[in-house]
Amino acid sequence: MPKPINLDDLRNEARNLGFDLCGVTRTDPPPHFDAYAQWLDKGRHAGMAYLDTPRARDARRDPRMVLDGGASIVSLGMRYPDPRAIPDPALDEALGRVAAYAWGDDYHDMFPPRLQKLADLLGGQLHAGFGSRIYTDTGPVLERDLAQRAGLGWAGKNTCLISPTGGSYYLLAEVFTTAELEPTLPLRSDLCGSCTRCIQACPTACILPDRTLDAGRCLSYLTIENKGTIPSELRPALGEWVFGCDICQMVCPWNVRFSDPNAGQAFAPRAGVPRPVLRHELRLSPQEFNRKFKNSPLRRARRRGYLRNVAVALGNTGDRSTAPDLAFSLLSEPEPLVRGHAAWALGQLGGHVARSALEQALGSDPDSAVQSEIRVALESAP
Ligand code: SF4
C-alpha cells in the first residue's frame, strides 16, 4: 500500500520542482469572492472582458466547478528575481524597463510540466480514479485568495500576495485534486499595518482604498492586456516601463527586507530584456520580435503593443537624439497603433526633426486615428 502523503513530503517535492512556497486549502468558496464580484460590477477590470463571463464568475465562486470531485488545492509560489538586485547596464542610451517576472522564460510554459509531476505524485500515492487539474494564471481561479487561505501570505494593499518570509516576488500556481489533503493554516494577520508606501508610489493612483486596483489605470494593464490606445493623460506616467510595472512592489518594505540578488534563478534574465535599448526595440521587425521574445511573457503584448509602449517611453525620455528613430517609425511602421504613439512621442520631444516628420506624416498617413494624434502632437510640440 502506498503511504498517504504528508505535508512535509509534499513541500519537499514542491521544493525539488522549484516552488518556494507550498500550502494546501480546501475547495470551499474563496473568502473574498464577493469583493471580487463587486470589483467586476464596478467595471474595474477595464478591457479584460474574459474575466466577466458567467462561467468565469461561477468557477471563481466555486472551485469545485473546476474539477469534478475536487477536494483539495495545493497552492504554490515560485520566486522570481528582485528588480532592485540587478544593476543597470552602463550604456549611454535611453533604456526601457521590463517587469521582473518577464525577464526570462514564460512561466506559462515553465510551470505546467512541474505541476503535472506534483499531480502525478499525488495520484500515484493515493487512489485509483484520482483526478487533478493544474493552473497557473490560466483559468478561472482566484489564485491569490486561495494562496492566502493556504497560508502562503497575506494580500497587501498593493493587491499582491506577500509572504512573511520572502516578500511578494512570487508567481502562483495550483494543483486541484480529488485527494483529501490536510489544509495548512491561513495567515490571519495583515502585516501591512499603517504602511501606505505602495499607494503613494503608484504613478497613476490606481491602488484603491479597498485593496483593489483600478485596472484601467494600472501600468501593467495598460502595457500588456490593453491592446489599443493608451490614454494620452496616462502616457507620461509610464515613464520608462515598456512591459508591466514593479513600482508598488519595489517600494514595499517586505521586498526591501528580503532582497536577494540570487533569488529567482529559474527566471534568469535574457540579455537586454530587463533594460532594453529603446531605439533598437522600436525598429524590431515582426521576425526579430518573434525571435527575441520566443517563449517570453512579452509575447503577450504582441509586437504592436510592445512597440507602442516603447514609443511612449521614448517620448518620456525627453531625449531629442531619439527623434530620428521615432520619425522612422511614424513614417514607415505598418501598425497604425505604433505610428499614433510615435506621433505623440515626437510631440513630447519637439524640435526640428520631430516637427518635420509630423508635418510630412500629416499629409500622408492613411489612418484617421493617427492623423488626429499627429494634429495634437503638432499643437503641443515645443
Ligand atoms: Fe503593504 Fe506597505 Fe507593502 Fe503596500 S508597500 S503592500 S502597504 S507593506
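One-based numbering, in listed order, for ligands and for the atoms of each.
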Using modelled atom types and a 3.5 Å cut-off, is there a donor and acceptor pairing between side-chain atoms of Arg64 and backbone atoms of Asp28?
no
Please examine the side chains of Leu122 and Ser132, heavy atoms only from C-beta on, and report whether any two atoms are closer than 4.5 Å.
no
Shell of protein N/O/S atoms around atom 1 (Fe) of ligand 1, taken as anything under 2.8 Å
Cys192 SG
Under 3.5 Å donor-acceptor, Thr204 side chain and Arg217 backbone
yes
Quick one: does Arg283's side chain have a donor or acceptor within less than 3.5 Å of a partner on Phe328's backbone?
no
Leu91, CG atom: more than 12 neighbouring heavy atoms under 6.0 Å:
yes
Shortest non-hydrogen pair, Pro83 vs Met250, comes out as CG-CG, 3.7 Å
